[in-house]
Trainee: 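Here it is, the structure, as structure tokens.
Indexing begins at 1, ligand by ligand and atom by atom, following the structure's order. The analysis underlying the following values was restricted to heavy atoms, covering all of them including side chains, and did not include hydrogens, waters or symmetry mates.
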Amino acid sequence: MTDTPVDTVVSVPVAVVGAGPAGLMLAHLLGRAGVEAIAVDTRSRHEIETTQRAGILEAGAARDLVETGVSDRILREGHEHEGIELRFGGRPHRIHFKELVGASAWLYPQTDVFVDLADARARDGGTVHFGVKDTEVLDITTDTPRVRYTAPDGSRHEIRARYVVGADGSRSMCRDLVPEERRVRYGKEYPFAWFGILAEAPRSAPELVYAHSEHGFALISQRTESVQRMYFQCDPGASTDDWPDDRIWETLQARVAGRDGFRLHEGPVLEKTVLRFRSFVQEPMRWGSMALAGDAAHTVPPTGARGLNLALHDVKVLADVLLKALGGAGGAALDDYQPRALQRIWRAQNFSSWMTRLLHTTAGATPFDLRLQLGELDNVVGTRAGRTYLAEQYTGWPAGCSG
Ligand code: PHB
């Protein structure tokens with residue numbers, strides 16, 4: 001297919017494979033600086049908009065969406081949370097981020113971030129092709145990389161660019177283009193998954209509740225006044241067919257139950273999904289004229305709510321180095337990308353993996369393991385250093401990190 005004729009050829013400075021939040025935010029940041037980027041995605045806009053993802057944004061990421069002119073909807077419809085609740089041993093413990101580290105987090109679903117970005121691209125005249133097929137990325141070790149794709153109507157197109165960005169998510173095909181003998185993949189699978197639901201019910205708590213119980217983990221999150229998002233730890237092989245609503249509510253109630261009599265408001269379950277996850281990083285994040293961003297380069301378990309935030313940080317750094325490269329500094333400017341992005345990535349990998357181990361139970365755990373875990377949880381909530389550590393990690397680090 002590589003050299004078969006195409007119906008159209010266009011030239012732009014940057015071609016972006018993947019039009020999720022990372023790809024679209026990158027195109028938006030470049031567009032603001034007068035640099036055109038075309039993004040393509042195999043999914044339709046509707047498909048991306050309706051796939052439930054996590055919902056927490058660091059205050060810095062929320063501010064970037066507003067200040068770079070994507071949208072200020074987050075200020076009207078998002079919810080600023082000044083802390084979270086950790087429940088264990090049947091007791092609630094509040095971690096007050098604002099008091100501990102002067103920061104907060106915003107509850108604003110990733111699907112809304114995507115809608116805001118897609119609308120901003122349309123408003124600003126940016127080009128995004130959704131629902132494409134047979135995407136090919138060619139010549140990335142030259143100064144003239146190309147992206148070829150088939151449009152939904154069957155026509156075939158080529159984008160000639162100076163740089164290509166692989167922002168094509170956790171099943172990235174771009175990352176496979178880094179030669180096998182030159183790339184390293186670090187990662188870990190977990191012996192559990194999350195069962196995620198959307199339920200029609202009023203809020204059960206004002207903030208997020210991360211619950212540890214001897215039966216496993218549960219997370220109580222929110223979406224709107226009348227629709228709530230909740231998760232509970234399940235077997236990675238679980239099927240949604242085995243989980244009628246009654247069983248779901250019984251499981252969730254048992255995991256959050258405590259001496260304070262806390263109960264979840266129940267209601268019809270609108271959506272059920274089993275979410276498998278892993279920890280993963282591929283290095284290098286740049287190969288020739290191609291750079292990887294977001295989930296294409298790294299994924300984290302959802303427990304620390306870092307995924308979207310990391311992706312947005314990647315593209316902030318990437319937009320900066322791409323603008324330098326295109327502004328005359330040349331490809332050498334891209335050498336800064338990985339070192340500037342990677343420190344935060346490994347911090348987030350560590351935090352996400354720590355938070356996951358802290359809150360989930362594993363099948364082979366002994367009573368001793370369980371007590372160790374409760375001891376660690378008590379160290380986290382019962383000491384100022386522990387609370388501060390959690391607050392600082394959860395609300396994010398300064399851009400570029402620091403000591
Ligand atoms: C969500 O609201 O979907 C959510 C929130 C926090 C997490 C993960 C998911 O850690």
Trainee: Report yes or no: is the cationic atom of Arg73 (NZ for Lys, CZ for Arg) closer than 6.0 Å to the six-membered ring centre of Trp106, at no more than 45° off its axis?
Mentor: no
Trainee: Any idea which heavy atoms bring Ala293 and Val165 closest together, and the distance?
Mentor: CB-CG1, 4.4 Å
Trainee: Can you tell me which residues line ligand 1 if we count any heavy atom under 4.0 angstrom from one of its atoms, in chain and number order?
Mentor: Arg53, Ala54, Gly55, Ile56, Trp194, Leu208, Tyr210, Leu219, Ser221, Arg223, Arg229, Tyr231, Pro302, Thr303, Ala305
Trainee: When the ring planes of Phe351 and Tyr389 are compared, do they come out parallel, tilted or perpendicular, using 30° and 60° as the limits?
Mentor: perpendicular
Trainee: Kindly write out the residues that satisfy side-chain hydrogen bond (donor to acceptor under 3.5 Å, both in side chains) with Arg91, not counting sequence neighbours, or none if the list is empty.
Mentor: none
Trainee: So Thr111 and Arg53, side chain to side chain donor-acceptor pair (under 3.5 Å) or not? Walk me through it.
Mentor: CA-CA 7 Å; Thr111 40; Arg53 304 291 298 263; over 6 Å; no
Trainee: Fit a plane to each ring of His93 and Phe88, take the angle between them on a 0 to 90° scale, and name the class: parallel (under 30°), tilted (30 to 60°) or perpendicular (over 60°).
Mentor: parallel
